[in-house]
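Report on the structure given below.
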Amino acid sequence: MRGNYSFRQLSSTCYRSLQNEPINNKLQNATKTSTPSKKTLTQKRSEPKNKKSAISDSEIVKWNMSITTHMRNGQWESALQVFNSMPRRSSVSYNAMISGYLSNDKFGLARDVFEKMPNRDLVSWNVMLSGYVKNRNLGAARVLFDQMPERDVVSWNAMLSGYAQNGYVDEARKIFDRMPDKNEISWNGLLSTYVQNGRIEEACRLFESKEDWEVVSWNCLMGGYVKRKRLVDARRLFDQMPMRDEISWNTIVTGYAQNGELSEARRLFEESPSRDVFTWTALVSGYVQNGMLDEARRVFNEMPEKNEVSWNAMIAGYVQCKRMDTARDLFEAMPCRNISSWNTMITGYAQSGDISQARNLFDRMSQRDSISWAAIIAGYAQSGHGEEALHLFVKMKRNGERLNRSSFTCSLSACADIAALELGKQLHGRLVKAGLETGCYVGNALLAMYCKCGSIDEAYDIFEEISEKDVVSWNTMIAGYARHGFGKEAMTVFESMKTAGIKPDDVTMVGVLSACSHTGLLDKGTEYFYSMNCDYGITANSKHYTCMIDLLGRAGRLDEAQNLMRNMPFKPDAATWGALLGASRIHGNTELGEKAAKIIFEMEPDNSGMYVLLSNLYAASGRWGDVSRMRLKMRDNGVKKVPGYSWLEVENMVHTFSVGDSFHPEKGRIYAFLEELDFKMKLDGYVSSTKLVLHDVEEEEKEHMLKYHSEKLAVAFGILSIPAGRPIRVMKNLRVCEDCHNAIKHISKIEGRLIILRDSHRFHHFSGGSCSCGDYW
DNA sequence: ATAGGGTTAG
């Protein structure tokens, strides 16, 4: 219980800090660091003026060049020293400082210089404008643009590019139309607006409306075709181009390399007049993406020069093939690691299940970006460490890290895993505030979160709001309804999916079949199973077979289930045997259950759930000797029984309970209430069924222990602390036991409450004395 | 000193 207790505290920390944490940490820090330089800037204003005439303009030019050089090398402190020690400064000196700060990502410092600058010229305004654009602060950019005393074509082009990069195609077009004079960059700006925002047909029309495009624009349009995998169109442009530069060759090589046409990529690579790091890297990455790792490595070894990106591409190749040791060797060997290199390794470790190595690297990084955070958060979320994932999300916010779609979706999936509905809703709110709730990627994450947190109606609302549903959206909704036991609804969604013209895939059919299985629709499920190959060209995989065996098993057709299993085109895995074991349990077939469990033990000696299932099966038929042998076997094999616990959220706090819990501060009230309930339940006809306890104890003792099962404690606490009329949502890490299931049905009737219980397998909606699973789980 | 195109990680 102590272990769970720490989980409770951890989770409540997450909640509080998400609500109260200051939003402007980063801003405050930024102003803090910039304060001293402000002072030095103003101090130096009182320089001796008499020297002014002694310094020639050509001297000043030398100082200015020194500033630029320092800034280019990233030494902005040295640049500031030069600037401060200048006897006289031209506006070029100021402009060099501003643009230097901007290219070193010191936006605040750049703005300070700009605001302190005595006589701004047009370039100063333009530099600052590009700074706002680069910082994606379009509003401020537009204010500055409107304030400018005069504008040249550079100003207009900067504004145009700002709108383009942020997806404001129509605004960009307006700027283009209003421009007093246009140059080639303006034309290219409009073209790239269309290309960058996926409006390739408009780009194409614009391109055809004018002759004499520069090579940049040819490359831009060709790149657009490559991104949309329209290789034939890209190649047509490439062949038509009046002249080609290195980028043209790189673009077309990349196009073929990324689309699996490696031999054509290779041919053009050999044919190109010159090759730079980009060309080489494109080829390496092409081989990597096509799983041709050895060929990739050969090219990589031949490269005349490599940069970080080349190394990262090669490392990513090994990561994809789960060869983490080789990836690590390269990572250690590379001379110029950047954030991406670290991120690639972290992602690799996280995906291969080695979360501690991932965390190790994450902690060792000197600089992290939003991808590093997303990678580690996703790593924890996907390996079942939802609490730690959310903990890191909060930490990330506190560090002032910019939240993006990816960090949100990872955290939403963590919420889904631990069923933190309230936190998930807060994230939803923040997504809307940040304007990031659009797009089906985020929509799908929200949808999955609401499904897994037991809020199926809100899930459906989200589902309806996703404007461009992809196959994942449909699959998530179908699987969501299936897990909640709403077979009819799942079928309705499946039908509308087909009407909408979305082709069901193998995942869809797993959802559909499990919907049938969770609702007991044997005939419908059988029909789908046998017709899906003919109807949608989907060949049944082991998951489909498992659903089918589950469906037959639940219906009591254990022989047919076994037959199907014998005739499967592949070897049954642990999940398939698990379906058979579950069916044996429901129908009390100890012999078959024993057989299935033994096979599962051989496949997964660490699966404690199976030991418990089998023990319970023995206990149910009074075979106590076998029960104790199981316990010995578990001990000898070093398998720890996962302790059962349940949890629920009340006012942003997660409360956790386990069997016989005596830690909760409200335990007195809870236990008293349970006694009271017990009395009422017995009047309602409840008889406690003790056959599923994993202990050989006296009958009375057994009943006592059952009464204190974690889900009962959690439900009792929920009724006491959640206002009437609102559903009580309880989660349990294991499958709900039969006695608790029975008891909660009575409780829902006696108290007139809707109780939604998520166990490790599915959802149960209890109300008015019955459960949505129809006692089938 | 300011505006436009190509390679990696999610």
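Scope of the values below: all heavy atoms of this structure, side chains included, with no hydrogens, waters or symmetry mates. Naming convention: chains lettered A, B, ... in sequence-line order (proteins, then strands); numbering from 1 in each chain.
Rounded to an integer number of Å, the gap from A/Trp311 CH2 to B/dT8 P is 18 Å. Atom-to-atom, CG of A/Asp121 to P of B/dA1 comes out at 13 Å; the value is rounded to the nearest Å. If you measure from atom CE of A/Met314 to atom P of B/dT8, you get 14 Å, rounded to the nearest angstrom. Straight-line distance from the OH atom of A/Tyr287 to the P atom of B/dT8: 16 Å, rounded to whole Å. If you measure from atom NZ of A/Lys62 to atom C1' of B/dA1, you get 19 Å, rounded to the nearest angstrom. Here the P atom of nucleotide B/dA9 and the CD atom of A/Gln351 are 11 Å apart, to the nearest Å. If you measure from atom OH of A/Tyr101 to atom P of B/dT2, you get 16 Å, rounded to the nearest angstrom. In this structure, A/Asn343 places its CG atom 15 Å from P of B/dT8, rounding to the nearest Å.
A heavy atom lying under 4.0 Å from DNA chain B marks the following residues of residues 213-242 of chain A, by number: A/Glu214, A/Val216, A/Asn219, A/Lys227. Residues from residues 146-169 of chain A that place a heavy atom under 4.0 Å from any atom of DNA chain B, listed by number: A/Val154, A/Asn157. Residues from residues 199-211 of chain A that place a heavy atom under 4.0 Å from any atom of DNA chain B: there are none.
Using a 4.0 Å heavy-atom criterion, one finds that A/Asn338 contacts no nucleic acid atom at all. Heavy atoms of A/Thr344 sit under 4.0 angstrom from primed sugar atoms or phosphate atoms, though from no base atom. Base contact: A/Asn183 has a heavy atom under 4.0 Å from a base atom. Among the protein residues, A/Val127 comes within range of the sugar-phosphate backbone only, with heavy atoms under 4.0 Å from sugar or phosphate atoms but none that close to a base. Note on A/Ser372: nothing from the nucleic acid sits closer than 4.0 angstrom, heavy atoms only.
Judged by distance alone, with hydrogens and angles left aside, A/Asp245 brings a side-chain donor or acceptor within reach of the base of B/dG5, the pair sitting under 3.5 Å. Donor-acceptor pairing under 3.5 Å, judged by distance alone, is present between the side chain of A/Ser340 and the base of B/dA9.
The side chain of A/Ser130 approaches B/dA3 more closely than any other nucleotide in the set B/dT7, B/dA1, B/dA3. The side chain of A/Thr254 lies closest to B/dT7, out of B/dT7, B/dT2, B/dA3. Considering only side-chain atoms of A/Thr347, the nucleotide from B/dT8, B/dG4, B/dG10 that sits closest is B/dG10. Nearest nucleotide to the A/Gln196 side chain, out of B/dT7, B/dG5, B/dT2: B/dG5.
A salt bridge links A/Arg266 with A/Glu295; the closest basic N to acidic carboxylate O contact falls under 4.0 Å. Salt bridge present: A/Glu264 and A/Arg235 bring a charged side-chain N and a carboxylate O closer than 4.0 Å. Using a cutoff of 4.0 Å between basic side-chain nitrogens and carboxylate oxygens, A/Arg205 and A/Glu201 are not scored as salt-bridged. By the 4.0 Å N-to-carboxylate-O rule, A/Arg88 lies too far from A/Glu59 to be salt-bridged with it. A salt bridge links A/Arg142 with A/Asp146; the closest basic N to acidic carboxylate O contact falls under 4.0 Å. A salt bridge links A/Asp105 to A/Lys134: one of the charged nitrogens lies within less than 4.0 Å of a carboxylate oxygen. The pair A/Asp177-A/Arg173 counts as a salt bridge, with a side-chain nitrogen and a carboxylate oxygen less than 4.0 angstrom apart. We find that A/Arg328 and A/Asp325 are not joined by a salt bridge, their nearest charged nitrogen and carboxylate oxygen being 4.0 Å or further apart.
Using a 4.0 Å cut-off, some side-chain N or O of A/Gln258 falls inside it from OP1 or OP2 of B/dT8. Not one side-chain nitrogen or oxygen of A/Ser192 sits closer than 4.0 Å to the OP1 or OP2 atom of B/dG4.
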Mind running side chain to side chain contact (heavy atoms under 4.5 Å, CB included) on A/Leu109 and A/Asn104 for me, showing each step along the way?
-> CA-CA 10 Å; A/Leu109 297 180; A/Asn104 283 293; over 6 Å; no
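The ring of A/Phe207 has its center closer than 6.0 angstrom to the ring center of A/Trp218. Between A/Phe145 and A/Trp125, the ring centre distance reaches or exceeds 6.0 Å.
A/Asn95 pairs with exactly one of A/Asp121, A/Asn64, A/Asn126 by the side-chain hydrogen bond (donor to acceptor under 3.5 Å, both in side chains) rule, that one being A/Asp121.
Atom CD of A/Glu468 has 12 or fewer heavy atoms from other residues, nucleotides or ligands within 6.0 Å.
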